[in-house]
Amino acid sequence: YSGRRLRPGIPELDASDRDYAELLRIKDRIGRGSADLEPELERLEEIARSSPRFLEGHLLAASVALSLFESSREIVHLERARRAARIAAELAPGDPRPLESRFRIAVEGRQTGEAEEALGALSRIIPGDPQLHVLSGLLADSRGDLEQAVEDLSLAVRSAPSWRNLYFLANLEDRAGR
């Protein structure tokens, strides 16, 4: 799309061909479910060292580290996720993806204030986006406020009825006894 400009605050792709190709291979293995995440995270961290301005590498490293934390509850993985998300945010202050990573990491780490701050920043970057309702529902759920979570997800489903949003809403409604 040569006639289109990137959103302000989003960097141009800045990675070596080798690092870009390796990131695509990692994404493919993860997508197929055939990846052991710990070695993949180590490879992603190598990519981040080799191509430090490669936003996609930092974003994927944050996601993989968060997934490892969710399955193991080992704080080291949460810290790795935070570090990758922080670098991604520094590289792309106008991109909502690092903020969403920061939000999800904060929710998993039970840091409500940080999650609220990230959600507020996201609201300024992508006002009106249905994903904001999903994230707000996640935050309410993490606080144990199922009624608010159901309300937020219901708003998300009305504007973006994806299977993921519908599934999350159904799960919340079931837990709320509806």
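Note that these values count all heavy atoms, side chains included, but never hydrogens, waters or copies made by symmetry.
The pair R43-E40 meets the salt-bridge criterion, since a charged nitrogen lies less than 4.0 angstrom from a carboxylate oxygen. Using a cutoff of 4.0 Å between basic side-chain nitrogens and carboxylate oxygens, R73 and E108 are scored as salt-bridged.
The two residues H77 and L68 have their closest heavy-atom pair at CG-CB, 3.7 Å. Residues D19 and S50 come closest through the heavy atom pair OD2-OG, 2.8 Å. Here the shortest heavy-atom pairing between A81 and A65 reads N-CB, 3.5 Å. Contact detail for R97 and L55: the closest heavy-atom pair is NH2-CD2, 3.4 Å. The shortest heavy-atom contact between I47 and I26 is CD1-CD1, 4.0 Å. When every heavy atom of A115 is checked against every heavy atom of L139, the shortest pair comes out as CB-CD1, 3.8 Å.
Of the inter-residue distances, the one linking R124 atom CZ with L99 atom CG reads 8.5 Å to the nearest 0.5 angstrom. One distance of note links CD of E100 with CG of D95; it measures 10.5 Å at 0.5 Å rounding. The CZ atom of R86 lies 11.5 Å from the CZ atom of R102; values are rounded to the nearest 0.5 Å. Rounded to the nearest 0.5 Å, atoms CG (L153) and CD (Q148) are 10.5 Å apart. Rounding to the nearest 0.5 angstrom, the gap separating the CG atom in L172 from the CG atom in D141 is 5.0 Å. To the nearest 0.5 Å, atom CD of residue E22 and atom CG of residue D17 are 13.5 Å apart.
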Test R80 against E38 for salt bridge (charged side-chain N to carboxylate O under 4.0 Å, His left out), laying out the working first. CA-CA 11 Å; R80 290 165 90 178; E38 183 65 41; 2.9 Å; yes

Audit row: R178, E147, salt bridge (charged side-chain N to carboxylate O under 4.0 Å, His left out) steps and yes/no: CA-CA 10 Å; R178 293 186 182 182; E147 291 302 315; 2.5 Å; yes

Worked verdict on E45 versus R49 for salt bridge (charged side-chain N to carboxylate O under 4.0 Å, His left out): CA-CA 6 Å; E45 289 172 338; R49 284 188 292 278; 5.0 Å; no

Apply the test side-chain contact (heavy atoms from CB on, under 4.5 Å) to residues R82 and E79: give CA-CA distance (whole Å), side-chain angles for both, the deciding distance (0.1 Å), then the verdict. CA-CA 5 Å; R82 276 192 188 109; E79 293 306 319; 2.5 Å; yes

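Cluster annotation: F69 is not connected to I30 through the hydrophobic network of ILVMFWY side chains, with a link wherever side-chain heavy atoms come within less than 4.5 Å. By the criterion of side-chain heavy atoms lying less than 4.5 angstrom apart, applied directly or through intervening Ile, Leu, Val, Met, Phe, Trp or Tyr residues, V64 is grouped together with F54 in one hydrophobic cluster. There is a path of hydrophobic side-chain contacts, each under 4.5 Å, that joins L166 to F168. No single ILVMFWY cluster, assembled from side-chain heavy atoms under 4.5 Å apart, contains both L59 and L66. In the hydrophobic clustering of ILVMFWY residues, with side-chain heavy atoms under 4.5 Å counting as a link, V134 and L155 come out apart.
Legend: residues meeting salt bridge (Lys or Arg N to Asp or Glu O under 4.0 Å) with R158, ordered by chain and number and at least two apart, are absent.
Open room surrounds CZ on R164; 12 or fewer heavy atoms of other groups in view lie less than 6.0 Å from it.
In this structure, V76 stands alone, with no Ile, Leu, Val, Met, Phe, Trp or Tyr side-chain heavy atom under 4.5 Å from its own, directly or through other members.
A distance-only check finds a donor-acceptor pair linking the side chain of S123 to the backbone of L119 [under 3.5 Å]. With H58 contributing its side chain and P52 its backbone, the two residues share a donor-acceptor pair below 3.5 Å. No donor-acceptor distance shorter than 3.5 angstrom exists from the side chain of D152 to the backbone of A140, with no hydrogens or angles considered. Remark: the backbone N or O of S63 is not paired with any side-chain donor or acceptor of S67 at under 3.5 angstrom.
Counting heavy atoms from C-beta on, the side chains of R104 and L138 come closer than 4.5 Å.
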